There are 2 protein chains.
Amino acid sequence: MEVNEKQIVSLLRQQGHKITPQRRAILDVIARSDGHLTPAALYQRVNRQYTGIGLVTVYRTLGLLAGLGLICRVHTGGSCHNYLLRRPEEHHHHLICSGCTKVVDLAGCNLAAEAARISDKTGFEIESHLVEFTGRCGDCRQLALT
Amino acid sequence: MEVNEKQIVSLLRQQGHKITPQRRAILDVIARSDGHLTPAALYQRVNRQYTGIGLVTVYRTLGLLAGLGLICRVHTGGSCHNYLLRRPEEHHHHLICSGCTKVVDLAGCNLAAEAARISDKTGFEIESHLVEFTGRCGDCRQLALT
DNA sequence: CCTGCAAATGAAATTAATTTTCAATAAGTG
DNA sequence: CACTTATTGAAAATTAATTTCATTTGCAGG
Ligand SMILES: [Zn+2]
Ligand SMILES: [Zn+2]
Ligand SMILES: [Zn+2]
Ligand SMILES: [Zn+2]
């Protein structure tokens with residue numbers, strides 16, 4: 001199920017990207033890592049085994065891989081420079097336009113059962129959840145047509 | 001349904017926070033704003049009507065309000081300093097431990113129907129979605145007991 | 001095996017967001 | 001009114017991420 005290094009390499013080639021030692025090193029470290037890493041943490045790991053691989057290259061490679069859907073990004077809350085929305089109301093979800101960053105509140109949430117299931121399965125005590133849909137609003141789609 | 005300024009003020013007082021002119025100004029602007037704002041944008045708006053309110057105070061007030069659940073944060077993708085996870089596989093969701101930031105992949109997703117419904121209702125063309133559950137893992141809960 | 005060119009790299013500078021520090025100020029209690 | 005303590009804001013510090021640009025290099029084509 002998991003995409004292995006060889007597959008990634010051939011996909012990269014297919015897409016016209018070059019296979020550099022740096023990219024190989026990064027892929028290798030990712031392949032042998034568990035869990036998740038910040039770009040900086042990955043940079044450190046890579047440089048424990050290989051030399052002279054720049055942080056910029058790590059950023060660029062991660063961007064490339066994420067863009068191709070080969071790795072995934074996680075918002076780990078923390079101090080992400082988030083946008084703020086007014087209107088408290090109850091818990092709800094968000095719909096964000098990728099064109100103009102307009103945000104629409106989505107009332108209602110039926111994830112309680114799902115949360116309970118996850119809790120049972122994983123032993124986590126679920127505290128909260130975040131759901132965001134991303135898409136293009138009508139306005140932005142109009143603009144794209146011209 | 002919405003919490004109004006007066007209610008917020010009394011809640012703040014209840015919690016032992018002081019009601020300063022700065023906080024009033026920020027609350028006032030939030031109350032009259034639509035949609036969402038970055039801290040910087042809010043800062044600008046506040047200073048169009050009031051004078052001498054520092055950006056730091058805006059940050060602090062937003063943090064306070066968000067902490068009390070009176071406003072909400074949105075991750076608008078962009079260049080949030082995200083954490084990265086290995087393992088591509090198919091689309092899936094995440095469960096994040098708020099104690100140790102451990103991330104667990106949650107296989108399966110049954111939000112397609114929901115996405116279609118949202119699309120119909122809002123006119124957005126849904127491109128993707130993000131679901132994150134946050135909770136405390138077994139290990140972190142153990143630690144908390146001591 | 002060469003050659004040439006576009007893609008990729010990395011050091012350094014830059015941009016940007018957010019947090020910390022700390023002295024001065026002011027809210028609210030009694 | 002006075003006192004205590006939270007709050008404020010300017011400036012510095014921290015941190016993350018991107019841009020720039022000269023140099024290097026993968027690899028396609030000969
Ligand atoms: Zn839009
Ligand atoms: Zn929900
Ligand atoms: Zn944990
Ligand atoms: Zn999903």
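Every chain is numbered from 1 and lettered A, B, ... according to where its sequence line falls, protein lines coming before strand lines. What you are looking at is a predicted structure, and each value in this text was computed from that prediction instead of being measured. Values reported hereafter were calculated over all heavy atoms of this structure, with side chains retained and with hydrogens, waters and symmetry mates removed.
Judged by closest nucleotide on DNA chain D, B:G16 is the one of A:P21 and B:G16 placed further toward the 5' end.
Atom CD1 of A:I26 is separated from atom C1' of C:dA8 by 11 Å (rounded to the nearest Å). What separates OH of A:Y59 from P of D:dT20 is a distance of 18 Å, to the nearest Å. B:Q15 has its CD atom 15 Å from the C1' atom of D:dA6, to the nearest Å. As rounded to whole Å, 9 Å separates atom P of C:dT9 from atom CG of A:L64. Summarising the geometry, the separation between CD on B:Q44 and P on C:dA17 is reported as 11 Å, rounded to the nearest angstrom. Between A:L42 atom CG and D:dA17 atom C1' the separation is 15 Å, expressed in whole Å. Rounding to whole angstrom units, CZ of residue A:R60 and P of D:dA16 are separated by 18 Å. The CZ-C1' distance, from B:R24 to D:dT7, rounds to 15 Å in whole Å.
By the side chain to side chain donor-acceptor pair (under 3.5 Å) test, A:R23 pairs with no residue at all, sequence neighbours left out. Taking the side chain to side chain donor-acceptor pair (under 3.5 Å) definition, one finds that A:R45 meets it with A:S33, sequence neighbours left out. B:Q44 meets the side chain to side chain donor-acceptor pair (under 3.5 Å) test with no other residue; sequence neighbours excluded.
Residue pairs meeting the side chain to side chain donor-acceptor pair (under 3.5 Å) criterion with at least one member in residues 107-120 of chain B, sequence neighbours excluded, are B:E114-B:R117.
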Counting only pairs under 3.5 Å, give me each side-chain donor-acceptor contact of residues 24-31 of chain B, with atom names and distances, residues two or more places apart or in other chains.
from: B:D28; atom 1: OD1; to: B:R32; atom 2: NE; distance (Å): 3.2
from: B:D28; atom 1: OD2; to: B:R32; atom 2: NH2; distance (Å): 3.0
from: B:D28; atom 1: OD2; to: B:Y50; atom 2: OH; distance (Å): 2.7

Polar-atom pairs under 3.5 Å, protein N or O versus N or O of nucleotides 27-30 of chain D: list them with distances, or write none.
from: D:dC27; atom 1: OP1; to: A:R13; atom 2: NH1; distance (Å): 3.1
from: D:dC27; atom 1: OP1; to: A:I19; atom 2: N; distance (Å): 2.8

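Judged by distance alone, the side chain of A:T57 and the main-chain N or O of A:I53 form no donor-acceptor pair under 3.5 Å.
OP1 or OP2 of D:dG9 sits under 4.0 Å from a side-chain N or O of B:Q22.
Across all strands shown, B:I53 has heavy atoms under 4.0 Å from sugar-phosphate atoms exclusively, and none from any base. Residue-level contact check: A:R23 touches the backbone only, with heavy atoms under 4.0 Å from sugar-phosphate atoms and none from bases.
Side-chain atoms of A:H129 and A:H93 include a donor-acceptor pair closer than 3.5 Å.
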